[in-house]
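Step one of this worksheet: look at the structure below.
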Amino acid sequence: MTYWADLHIHSRYSRATSKNLSLELLAAWAEVKGIHLLATGDCLHAAWLTAIKETLIPDGNGFFILRDPKVVAQHLPWYHGSLAGSTRFILSTEISSIYTAGGRVRKIHNLVYLPTVEAAQSLRQRLLQIGNLDADGRPILGLNSRDLLAMVLDTHPEAFLVPAHIWTPWFSLFGSKSGFDTIEECFGDLAGEVFALETGLSSDPEMNWLVSALDRFRLISNSDAHSGEKLGREANRFAGAMDFAALRGALAGTSSVAAFLGTVEFFPEEGKYHLDGHRACEVVLTPTQTRELGGICPRCGKPLTLGVLHRVYQLADRDEPQQPPEHPGFVSLIPLTELVAEVLGKGSGTQVVRDTYAHLISTFGPELPLLLEAPEADLRSFHPLLGEAIARMRRGQVLRTPGYDGIYGRIHTLTPEDRIQFGTFSPLPLKEPHRRSRQAHLTLDAQQKSALPPTIPQTLNPEQMKAIHAPGPLLVSAGPGTGKTHTLVARILALLTHGVPAHDILVLTFTRKAAQELRHRLQLHLGPGAALPRADTLHALAFAALGEQHLLLGEDEAFALFARAHPEYPASKARNLYTDLQRRRETLTAPPDPAFTSLKAQLGVIDYTDLLERWWERLRVQPSLVPHVLVDEAQDLSPLQWQLVRALSGDDGAGVFLIGDTDQSIYGFRGAAGDLEAQAKGLWPNLQTLRLTCNYRSIPTIIRAMAPFSRFPALHPVQDGKGEVRIGSFATAEHEARWIAHTIAAFVGQRSHWQMDTADTDSSMGLGEVAILVRVQSLIPPFEAALREAGVPVYRAEGDPVWSHPGVAAVVATVQQALGVETVSNAAPHPSLLEAGPRAVATWLVEQGQLVAAFLEVAALEELTERYTQAGSWKALLTQRELELANHAAYQSAQKVALLTIHAAKGLEFNTVFMPCLEEGLLPWHGSSEEEERRIFYVAMSRARQRLILTYARQRHLWGRVQRTTPSRFLVRIPQELVRPVDERTKTISRQLAFV
DNA sequence: ATGAACCGAGTTTTT
DNA sequence: CTCGGTTCAT
């Protein structure tokens with residue numbers, strides 16, 4: 001069994017606490033929060049200890065339970081669900097030690113845990129000799145930490161001590177003002193008796209992983225709550241029996257039956273001393289920047305106030321966080337009240353926020369599981385913006401404005417643009433989340449071995465349910481918006497629930513991003529620290545399986561080698577011959593190419609297709625079957641990849657689960673193998689096929705408009721919100737672009753100018769909810785220009801904005817200089833790469849292209865690595881933390897109108913989608929197959945939730961010439977009765993704004 | 001060998 | 001139009 005524990009709170013007898021705090025109230029709040037084990041806090045205080053003895057009784061395992069569980073119900077009148085009164089308590093207190101050591105005044109807070117009331121009374125007796133225990137729930141004693149620990153250990157063999165919020169400046173073990181630099185300095189000969197540390201609200205485990213001296217400690221996180229509302233804002237997850245000895249064993253790492261599974265945390269930037277700076281000078285600096293400035297404020301010339309991050313860096317002996325193998329992970333959260341307050345644009349103490357909180361808890365259950373794993377679709381149907389906010393929080397897509405010099409940091413999930421759009425809305429429409437048929441909760445298999453029983457999401461419709469339990473080989477044909485990933489994740493969780501070990505499950509995705517997303521979602525369900533099934537791309541698995549003895553070529557380098565291997569090919573044809581060869585290798589129709597193959601072998605390099613080919617060869621010689629292989633986006637598999645899936649999963653395919661949608665196969669040019677069902681049946685004739693037909697994304701009108709573009713019967717709409725499909729025609733491409741730009745600008749700027757639909761008050765045009773989707777990149781610039789002219793911020797999916805970060809730019813410049821090349825790469829390095837050291841970085845740089853041309857001749861990776869290393873260490877120039885900060889800063893600008901190719905928009909969704917340039921030759925693209933173009937059209941339409949606006953121009957400046965155009969043949973396929981033309985009224989406004 | 005003039009086509013993108 | 005590749009001229 002697993003449980004959540006909050007091991008640091010205070011009673012009403014501590015300073016600045018809520019005066020109505022009682023154990024019953026705390027128990028009730030713990031239940032609402034999803035906390036199973038709660039510290040009593042203040043257990044050495046006479047009055048609180050009396051309350052503990054009166055209200056609680058020992059549970060026989062070193063914890064305490066309510067004497068009368070029924071009393072909790074009356075403590076939260078706003079909560080209409082039932083409360084079981086099952087919260088357990090652990091006797092605890094925080095002690096503030098103020099003493100002199102090493103010639104300095106030390107102020108240290110420590111947490112103490114005790115298994116029996118007798119132990120608490122005995123410790124109380126001893127500490128009464130030293131100071132007053134009843135003046136404050138958190139006693140202040142002139143007792144040094146080492147001696148306190150000695151007394152604790154002497155009190156009861158199982159009693160233990162945990163240094164509290166170790167990085168805060170004023171009262172902690174490592175505090176910059178009055179702390180120590182090492183555990184040993186603080187605890188002396190007893191340092192070995194300390195096995196856990198509380199990281200506190202302003203640091204997270206990752207920061208602590210910079211300090212190798214902390215590797216041996218478990219890092220716990222607690223709320224330090226002074227009121228019921230604040231319980232569980234940070235908390236710890238444990239597996240194993242709920243008893244004191246097991247808990248202690250889990251934290252000490254000495255238990256074989258209990259385990260510490262990690263924490264939920266605040267985003268540490270929220271802390272008010274996170275970064276360095278000067279409040280008055282409005283100067284905020286990262287530790288590296290501070291160091292570069294010699295610790296002096298560039299504005300006033302006085303020493304800067306150093307933050308927690310700086311203090312961590314001072315004691316750090318690593319340049320990048322390194323997670324010790326025995327350390328579980330963590331998840332960063334924002335308290336639900338804060339999220340609701342942000343969504344509503346109200347203060348977190350207001351009545352409407354409380355009411356909404358109450359409604360959410362009553363609907364979805366306790367807060368922690370809600371934040372961690374409530375299905376996004378349900379949250380969105382409760383309230384779209386709240387769903388979005390929680391989704392962003394889970395992805396870590398939060399806006400972090402780090403705190404400094406006493407100023408609290410801010411964590412937001414919504415941008416100012418979102419605020420403008422949504423801020424004026426009425427409060428949450430308190431409607432029930434859409435009810436999908438709920439099925440009985442799966443009963444846990446009795447012999448289920450997993451230490452951590454995952455819960456299968458309870459929101460699955462009957463089709464999805466079938467897809468989760470049907471035996472393999474199984475193909476699930478999942479149209480757009482039908483809950484593809486949801487179903488995939490649920491199937492994985494069902495396997496785990498039935499006792500399949502994580503390592504018997506392999507999930508294949510097409511992009512690393514998709515793999516990451518899946519791992520993230522699984523982790524959310526399974527909890528931090530749980531064993532996750534392998535989820536990765538075939539290429540990544542092949543790379544790992546083959547070992548890293550070869551340099552992996554980028555596309556350009558591979559082509560350069562191909563051309564060199566075939567000097568007889570005219571340059572004009574070589575590129576085509578190369579792409580043709582690569583596609584034929586993917587489709588298993590390529591004749592051997594000895595010249596190319598041997599040149600690669602000679603140079604010790606491989607290309608991406610080689611990865612797959614070699615792995616397949618290897619698997620044929622040394623089969624290595626995985627009992628359960630699940631394939632996401634199966635329509636994108638090439639025949640070569642199909643063979644690999646088969647090689648991994650065996651001929652009977654009993655463990656094979658494929659999910660995808662033939663209608664969304666738009667990567668034919670890359671060798672994707674056409675008809676999904678035919679391909680799969682070809683490999684496993686006994687394949688069973690299911691289809692998901694309920695679309696949770698789009699309104700009925702859009703779904704009906706999409707239907708003619710699908711080979712399958714129309715999807716069943718679940719959403720019933722308002723919206724529309726519109727078609728507009730314009731005299732010229734310029735008019736089209738300006739109309740779209742002004743339509744968006746007018747709506748964004750002044751809602752009153754929005755005339756498309758006078759009844760419109762929904763959220764469908766919020767910035768960040770609008771996309772303009774085009775067939776080819778070259779169509780993007782005119783729209784970008786028109787939007788900028790209209791003052792609308794634009795997002796273009798071009799290279800990762802992290803490259804504009806000064807630290808990253810410095811690294812790039814250094815590498816360029818050292819290697820004598822002009823460009824390095826447009827792709828962002830994965831943070832894990834930075835941990836892996838210079839060799840990995842060098843390999844990555846080579847993979848990314850441009851560098852191979854310079855280095856193929858010298859070939860040896862060692863030389864590359866050495867030259868790179870001489871150029872200056874990557875680590876010295878850029879820490880992972882800063883890279884992340886840069887990423888987040890970049891994200892602050894991702895809430896804009898998205899201007900994307902349809903291919904790039906695959907898998908995304910928007911409330912409003914504009915599809916311009918719908919002209920023959922552009923969509924369908926001339927020279928492409930009508931089938932593939934049809935699917936591209938379908939993918940684009942199906943991105944829209946509420947509003948889909950299709951436009952074309954009758955005249956377009958293209959390729960240096962003004963061309964007359966004809967409307968796309970696809971437009972007439974849309975049933976005209978569904979379409980509202982761009983009408984006169986709108987045109988009038990458009991004319992004023994845009995037409996000449 | 002290098003440079004000017006000429007010609008023809010123009011996607012999508014991940015590993 | 002713009003880019004790359006080919007061709008033709010020096």
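Throughout, protein chains are lettered first and strands after them, A, B, ... in sequence-line order, and every chain is numbered starting at 1.
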To the nearest Å, give me how far apart CD1 (A:I666) and C1' (B:dT12) are. 8 Å
Specify whether A:F730 and A:W739 have parallel, tilted or perpendicular ring planes, treating 30° as the upper limit for parallel and 60° as the lower limit for perpendicular. tilted
A:R943 side chain to A:V939 backbone, donor-acceptor under 3.5 Å: yes
Between A:R956 and A:E919 (salt bridge meaning N to carboxylate O under 4.0 Å), is one present in this structure? yes
Scan side-chain atoms only and decide if A:E677 and A:Q679 contain a donor-acceptor pair under the 3.5 Å cut-off. no
Give the rounded distance in Å between these two atoms: CD of A:Q635 and P of B:dT12. 20 Å
Its contact letters, B for base, S for sugar-phosphate only and - for none at protein heavy atoms under 4.0 Å, make nucleotides 3-11 of chain B read -------BB
What nucleotide, of B:dT13, B:dT15, C:dT6, holds the atom closest to the side chain of A:T537? B:dT15
Can you tell me the distance, in whole Å, between the CZ atom of A:R575 and the P atom of C:dG5? 10 Å
Give a yes/no answer on whether the side chain of A:T609 brings an N or O atom under 4.0 Å of OP1 or OP2 in B:dT15. no
Ring center gap for A:H566 and A:F562 short of 6.0 angstrom: yes
Residue pairs, two or more places apart or on separate chains, that pass salt bridge (Lys or Arg N to Asp or Glu O under 4.0 Å) and touch residues 635-644 of chain A: A:D636-A:K906
Can you tell me how far P of B:dT14 sits from NZ of A:K906, to the nearest Å? 11 Å
Rounded off to whole Å, could you give me the CZ-to-C1' distance for the A:F543 and B:dT15 pair? 11 Å
Report the distance from atom CZ of A:F559 to atom P of C:dG4, rounded to the nearest whole Å. 12 Å
Can I get a per-line list of side-chain donor-acceptor pairs under 3.5 Å for residues 957-967 of chain A, giving both atom names and the distance, sequence neighbours left out?
residue	atom	partner	partner atom	Å
A:Q963	NE2	A:L958	O	3.4
A:T965	OG1	A:A953	O	2.5
A:T965	OG1	A:R954	O	3.2

How far, in whole Å, is C:dT2 from B:dT13 if one measures between their P atoms? 22 Å
A:E931 CD to B:dT12 C1', in whole Å, measures 17 Å
What is the distance, rounded to the nearest whole Å, between atom CG of A:L900 and atom P of B:dT12? 13 Å
